[in-house]
Amino acid sequence: MGILNVTPDSFSDGGRFAGLDAARRHAEQLAEDGAAIIDIGGESTRPGAADVSESQELDRVIPVIEALRESIDLPISIDTSKATVMREAVAAGATMINDVLALQEADALQAAVGLGVTVCLMHMQGRPRTMQADPQYDDVTLDVTAFLGDRAAECIEAGIARELIIIDPGFGFGKTHAQNVELLANLRQLQTLGLPVLVGLSRKSTLGELTGRDVDDRLPGSIAAAVVAVMHGAQIVRVHDVRETVDALKVASAVLSIGKKK
Ligand code: 7PJ
């Protein structure tokens, strides 16, 4: 999954792809580089980020989705927590909802039920403005797994087909660096839920902590994280650097495919 941010304040490529033409070019590059899904986000969820109004978010993402539907032949995911944005994005051509609040905002679950598209449910403790203050878990892996299991059950109960649900532990969303590393080490635990796992670690601050690198210099760390995630059972990785990650995952997949034959 290649990341296409259309926010002026996203932490790593903020502002660079704000224009419609630039967004289209960037998406075409992600597709050429081997992305299987394009994830479009108009609301920055980095720690402390400002809230974005519904109309602002719509203005940012809808024209991009419409433009991409014409120019690229890949599924488009909409990274949003707002029911109206989900509906308009799907009407414009998106076929997946990526919600960092796991459909817990008002009307979001109903919107997703009605739309009948794939949904990614992500775990977050707290909310972006304050989530990094003092995250607490009994056992981060078990707590995150329990939350995602409960959320998936509620979504199925509400009418979302099980086959449409993807889960994501939400690296960096209300987790310390140590908790993120622990989650990655124990990622296989999530597979007990029997749902595909998506992981987003690309350029995140835990990689900065581990490597001592600034955000623009975290490609090697991001690639290592993607490979570890896939070796630990992740089916989808959400990344900025698609070309490099795809190469690394071809190597990981070749190794994994031998393991599966035994
Ligand atoms: C994630 C996301 C993630 C999913 C962001 C960033 C922050 N969606 N949206 N999983 N992160 N599903 O890209 O660093 O980890 S925004």
Side-chain angles (χ1 to χ4, degrees), residues 1-28 30 35 37-72 74-124 126-132 151 155 158-160 164 166 168 170 172-174 198 200 238 240:
M1 171 183 269
I3 301 171
L4 183 63
N5 281 319
V6 288
T7 59
D9 63 342
S10 296
F11 79 112
S12 65
D13 51 10
R16 260 182 259 167
F17 303 110
L20 190 56
D21 257 9
R24 192 196 341 242
R25 275 197 303 275
H26 186 56
E28 284 168 359
L30 294 172
I37 306 169
I38 306 282
D39 188 43
I40 301 179
E43 178 193 37
S44 176
T45 42
R46 70 175 177 186
D51 287 342
V52 176
S53 73
E54 185 177 287
S55 63
Q56 248 178 326
E57 207 180 319
L58 288 168
D59 287 348
R60 288 176 185 174
V61 299
I62 301 302
V64 176
I65 296 171
E66 285 170 347
L68 296 194
R69 191 184 44 188
E70 308 283 306
S71 66
I72 62 164
L74 283 181
I76 296 172
S77 157
I78 176 70
D79 186 343
T80 190
S81 298
K82 297 187 182 79
T84 304
V85 178
M86 293 171 188
R87 291 193 177 96
E88 302 260 331
V90 172
T95 56
M96 174 171 173
I97 295 167
N98 172 27
D99 183 2
V100 297
L101 292 177
L103 305 176
Q104 294 176 102
E105 287 289 271
D107 200 30
L109 180 53
Q110 278 321 306
V113 171
L115 293 168
V117 297
T118 302
V119 297
C120 178
L121 306 172
M122 198 196 79
H123 174 273
M124 178 185 319
R127 288 295 176 264
R129 202 178 289 281
T130 53
M131 65 191 175
Q132 291 310 107
R151 260 335 270 156
C155 289
I160 298 180
L164 294 177
I166 297 169
D168 181 339
F173 288 86
L198 186 155
R238 180 181 178 277
H240 301 87

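Every value quoted in this text rests on a predicted model; they were computed, and no experiment measured them.
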Ignoring hydrogens, what is the shortest heavy-atom contact between [X] and [Y]? Give both atom names and the distance.
X	Y	result
Ala94	Val117	O-CG1, 4.5 Å
Leu103	Ile160	CD1-CD1, 3.8 Å
Ile76	Ile65	CD1-O, 4.1 Å
Gln132	Phe173	OE1-C, 3.9 Å
Leu164	Gly116	CD1-O, 3.5 Å
Asn98	Ser77	CB-OG, 3.5 Å

Any heavy-atom pair between the side chains of [Y] and [X] that's under 4.5 Å?
X	Y	result
Val61	Ile78	yes
Met96	Val90	no
Leu30	His26	yes
Cys155	Leu109	yes
Arg24	Ser71	yes
Leu115	Val113	no
Val100	Ser81	yes

Pairs satisfying salt bridge (Lys or Arg N to Asp or Glu O under 4.0 Å), at least one member in residues 91-106, at least two apart:
none
Would you compute the distance between atom [atom1] of [X] and atom [atom2] of [Y] and round it to the nearest 0.5 angstrom?
X	Y	atom1	atom2	value
Arg151	Leu121	CZ	CG	7.0 Å
Leu198	Thr118	CG	OG1	11.5 Å
Ser53	Lys82	OG	NZ	7.0 Å
Met1	Leu74	CE	CG	11.0 Å

Take Leu58 and Glu54 through the side chain to side chain contact (heavy atoms under 4.5 Å, CB included) test and state the conclusion after the steps.
CA-CA 6 Å; Leu58 288 168; Glu54 185 177 287; 4.1 Å; yes
Would you tell me whether Thr80 and Glu43 have side-chain atoms, one donor and one acceptor, within less than 3.5 Å of each other?
no
Run the salt bridge (Lys or Arg N to Asp or Glu O under 4.0 Å) check on Arg87 and Asp107 step by step: do they pass?
CA-CA 11 Å; Arg87 291 193 177 96; Asp107 200 30; 2.9 Å; yes
Could you go through Glu28 and Ile72, starting from their C-alpha distance and side-chain angles, then the distance that decides it, and tell me whether this counts as side chain to side chain contact (heavy atoms under 4.5 Å, CB included)?
CA-CA 7 Å; Glu28 284 168 359; Ile72 62 164; 3.7 Å; yes
Under the side chain to side chain contact (heavy atoms under 4.5 Å, CB included) criterion, do Glu57 and Ile62 qualify, and how do the steps go?
CA-CA 8 Å; Glu57 207 180 319; Ile62 301 302; over 6 Å; no
Could you tell me whether Arg238 and Asp79 have a side-chain N and a carboxylate O separated by less than 4.0 Å?
yes
Just by distance, do the side chain of Gln104 and the backbone of Leu101 share a donor-acceptor pair under 3.5 Å?
yes
